[in-house]
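As the structure is a prediction and not an experimental result, all values here were calculated from the model. All ligand and atom numbering here is 1-based and tracks the order in the structure.
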Amino acid sequence: MHTYQMYINGQGCDPISGTWFDSMDPYTGECWASIPRGNADDVEMAVDAAHKAFESEAWCGLTATARGKMVKKFGKILLDNAEKLAAIEVRDNGKLYTEVVNQCRYMTEWFEYYGGLADKVEGAVPPIDKPNVLNYTRYEPLGVCACITPWNSPLLLLAWKLAPALAAGNTVVIKPSEYTSASTIELAKLSELAGFPPGVINVVTGYSSEVGEPLVAHKKVKKIAFTGGEEGGRKVNIAGAADFKKVTLELGGKSANIVFDDADLDQALNGVISGIFAASGQTCIAGSRLLLQDSIHDEFVDRLISETKKVRIGNGLDKVDMGPMVSSKERDRYEKLLTDASNQGANAITGGGRPAEFNQGWFVDATVLVDCSSDMDIFNNESFGPVAPICKVSDFDEALTLANNSQYALGANIYTKDLSEGIRATEELDGGMVWVNAPLLDNDAGPFGGSKMSGIGRQLGPEGIDTFRETKMIMIDPDSKPQDFWWFPYSDNEMYPNEK
Ligand code: NAD
């Protein structure tokens, strides 16, 4: 059993409450670590440390180049520690070690990308209709940023926030999910090796009501970068609005997987399986609605069933395809969704229950559901579990109409060999991301995010750093002369000097 401390102002801290809570291993269902139960007082301490660091010469006195080098060095340190961080994260969320270790190795790319961008962000010198006046813009950091992360990919989703926030010159207070705090604490400790001054990176652990809410409401927090569910996202947005904080929200999804009859069915099958069963379906971009053109429906479903039956379930540290769900609470929620689907007429042709071989941990079967209709809850609500509900569609237009008939708009996958139809789909489908024969590919230089109930704003790429800085416009008149008392920029004299 490991007992963790929070990380505030460059050092490990016990919680002011003097209490810790259990972090559970989803494979065994038993506690493996004790996590500090933070509260508003710890938040106050962390925000104060971050605010002082933001104003300190040690941080704000750095040139953008020096800051960028520090961010890149941090990425390299994370790469060197990827295996250690991944092993901790698997204990917390039960995902496959192979997926998590590759995510941890890949994190270095975002620190490279934003570290490199730190001194390549250029302002502008707009033309100005006034003789001799110099007008230019500069970008400035915002101050203390709150980074709030979920349990499904804690470090990866933190890297998407932390790297641009630091590269832009901000300081951060991180609030990880109460289910998966340990890897974030370890990451913060490693930041010392990169040379970040104390207070630049802080972590307060605990529950959303005791840590998350006071953090987002804090007056000195200028930006909230949140990844999580709809309910938390809405509350965070409302809290941020009180002080007009900048808020980015990466929320849930119900991404359609549309397979047309001219698709490469082998490729589509692989994309559909990894899209819904990877991470036990616990990803925001999971392809959790399957729309099959009726002429290939039966063949595709047969092949999907036979592959689904081969899914190996077990400990994420072993050679398996699917680990457990993150918590008993999540499993209960997901199982209720399946029961409701069955009551509404859907049929699980494979899966639908719990694998018999485990009498511990929070395992569920990989499941394929047929006889679904687009008005069922399973087809409209985020399932965040390993279930593929299937609907037939007759043609392209019906597929797009159904796909767009959703409260979410995060991503959509299309499988077709007809690229002109594929391109039409990219234009007509709602969603921040559309993949055509390219299931779930991502790009650190491209924007990630959604609209409708899937969130506000984008992470990654140049847009990812824009949300962590402010633009200032500057005017300098080197030949400034005294103006008339009633001089005004849009007076007749100014606008029409020849008509005096
Ligand atoms: P969650 O909303 O319950 O919690 C996310 C984080 O927010 C946690 O740290 C939690 O403590 C905190 N939080 C919750 N309510 C808060 C509040 N009112 N104020 C401040 N902090 C608060 O989400 P979760 O269950 O941890 O994660 C699953 C959800 O995350 C799913 O809906 C999934 O789709 C979404 N997600 C989205 C993306 C994306 O990029 N779009 C990526 C991963 C996960």
Side-chain angles (χ1 to χ4, degrees), residues 21 23 26 35 37-40 43 92-93 95 103 146-161 173-185 203-218 221 224-242 245 247-255 278-288 325-327 329-334 337 381-385 406-411 431-433 440 442 447-460 464:
F21 60 93
S23 200
I35 303 296
R37 183 168 174 175
N39 61 25
V43 168
D92 255 347
N93 70 6
K95 282 173 72 168
Q103 283 187 350
C147 299
I148 301 182
T149 50
W151 45 261
N152 60 335
S153 288
L155 292 186
L156 172 115
L157 295 167
L158 174 60
W160 291 9
K161 299 166 177 49
V173 177
I174 304 162
K175 192 279 184 228
S177 165
E178 43 275 47
Y179 293 108
T180 54
S181 303
S183 57
T184 299
I185 297 170
V203 180
V204 184
T205 53
Y207 297 106
S208 46
S209 57
E210 294 173 355
V211 173
E213 291 182 15
L215 177 60
V216 296
H218 201 294
V221 168
I224 308 164
F226 176 91
T227 300
E230 199 177 299
E231 189 188 332
R234 185 176 294 106
K235 283 189 182 164
V236 161
N237 205 19
I238 291 170
K245 294 179 168 81
V247 178
T248 41
L249 302 173
E250 292 286 354
L251 308 178
K254 193 74 189 169
S255 301
S280 305
Q282 302 171 117
T283 57
C284 55
I285 50 174
S288 51
M325 297 197 71
V326 71
S327 64
K329 186 173 155 215
E330 274 299 298
R331 184 170 70 172
D332 292 349
R333 179 201 55 75
Y334 166 73
L337 199 66
N381 298 339
E382 190 177 39
S383 28
F384 235 57
S406 171
Q407 58 184 329
Y408 298 104
L410 190 57
M433 295 158 293
L440 305 181
D442 65 4
F448 184 103
S451 52
K452 296 187 183 171
M453 301 292 273
S454 293
I456 299 172
R458 295 291 179 272
Q459 300 189 96
L460 304 184

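No N or O atom of Trp160 sits closer than 3.5 Å to an N or O atom of ligand 1. Between Glu230 and ligand 1, a contact under 3.5 Å exists for no N or O pair.
For atom 21 (N) of ligand 1, the choice among Gly212, Gly450, Ala217 with the nearest heavy atom turns out to be Gly212. With atom 31 (C) of ligand 1 as the reference point, the heavy atom nearest to it among Glu178, Lys235, Glu382 is part of Glu382.
For the residue pair Tyr408 and Glu230, a side-chain donor N or O sits within less than 3.5 Å of a side-chain acceptor on the partner. Between the side chains of Asp92 and Ser23, at least one donor N or O lies within less than 3.5 Å of an accepting N or O. There is no side-chain donor-acceptor pair under 3.5 Å between Lys95 and Ser280.
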With side-chain hydrogen bond (donor to acceptor under 3.5 Å, both in side chains) as the test, would you mind laying out the steps for Thr149 and Lys161 before giving the verdict?
CA-CA 9 Å; Thr149 50; Lys161 299 166 177 49; over 6 Å; no
Step by step, work out the side-chain contact (heavy atoms from CB on, under 4.5 Å) result for Leu215 and Val204.
CA-CA 9 Å; Leu215 177 60; Val204 184; over 6 Å; no
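From the protein, the heavy atom lying nearest to atom 4 (O) of ligand 1 is Gly228 CA, 4.5 Å. For atom 41 (N) of ligand 1, the closest non-hydrogen atom of the protein is Leu251 O, 2.6 Å. For atom 2 (O) of ligand 1, the closest heavy atom belonging to the protein is Gly229 N, 2.7 Å. Scanning all protein heavy atoms for the shortest distance to atom 39 (C) of ligand 1 gives Cys284 SG, 3.1 Å. The single protein non-hydrogen atom nearest to atom 5 (C) of ligand 1 is Thr227 O, 3.6 Å, given as residue, atom name and distance. Of the protein's heavy atoms, Ile148 CG2, 3.6 Å lies nearest to atom 12 (C) of ligand 1. For atom 25 (O) of ligand 1, the closest heavy atom belonging to the protein is Trp151 NE1, 2.9 Å. For atom 16 (C) of ligand 1, the nearest protein heavy atom (residue, atom name, distance) is Ser208 CB, 3.6 Å.
Between Glu382 and Gly252 the shortest heavy-atom distance is OE2-CA, 3.2 Å. Heavy atoms only, all atoms of each residue included: Glu178 and Ser208 are closest at OE2-N, 3.6 Å.
If you number the atoms of ligand 1 from 1 as listed, the ones under 4.0 Å from a heavy atom of Ser177 come out as 8 (C), 9 (O). When each atom of ligand 1 is checked for a heavy atom of Pro176 under 4.0 Å away, the hits are 9 (O). Distances below 4.0 Å separate heavy atoms of Leu157 from the following atoms of ligand 1: 42 (C), 43 (C). Below 4.0 Å from some heavy atom of Gly232 lie the following atoms of ligand 1, by number and element: 15 (N). Within ligand 1, the atoms closer than 4.0 Å to a non-hydrogen atom of Lys175 are 9 (O), 10 (C), 11 (O), numbered from 1 in the order shown. Those atoms of ligand 1 with a heavy atom of Phe448 less than 4.0 angstrom away are 40 (O). Atom numbering of ligand 1 starts at 1 in the shown order; those under 4.0 Å from a heavy atom of Gly252 are 34 (O). The distance from ligand 1 to the heavy atoms of Asn152 drops below 4.0 Å at these ligand atoms: 43 (C), 44 (C).
Contact annotation: for Val236 versus ligand 1, heavy atoms closer than 4.0 Å belong to the side chain alone. Contacts with ligand 1 closer than 4.0 Å are made by backbone heavy atoms (N, CA, C, O) of Thr149 only, the side chain lying farther away. Using a 4.0 Å cut-off between heavy atoms, Tyr207 makes no contact with ligand 1 at all.
Using a 4.0 Å heavy-atom cutoff, Phe226 is listed among the residues neighbouring ligand 1.
For Gln282 (side chain) and Val326 (main-chain N/O), a donor-acceptor pair under 3.5 Å exists by modelled atom type.
Residue Glu231 qualifies as open at atom CD: its count of foreign heavy atoms under 6.0 Å is 12 or below.
Expressed to the nearest 0.5 Å, how far CH2 of Trp160 lies from CG of Asp442 amounts to 6.0 Å. Atom CD1 of Ile148 sits about 13.0 Å away from atom CG of Leu157, to the nearest 0.5 Å. Residue Asn237 holds its CG atom at 4.5 Å from CD1 of Ile456, rounded to the nearest 0.5 Å.
For Val236, the side-chain contact (heavy atoms from CB on, under 4.5 Å) test picks out Val216, Ile224, Phe226, Val247, Leu249, with sequence neighbours left out. Every side-chain contact (heavy atoms from CB on, under 4.5 Å) that Ser327 has, sequence neighbours left out, goes to Tyr179, Lys329, Glu330.
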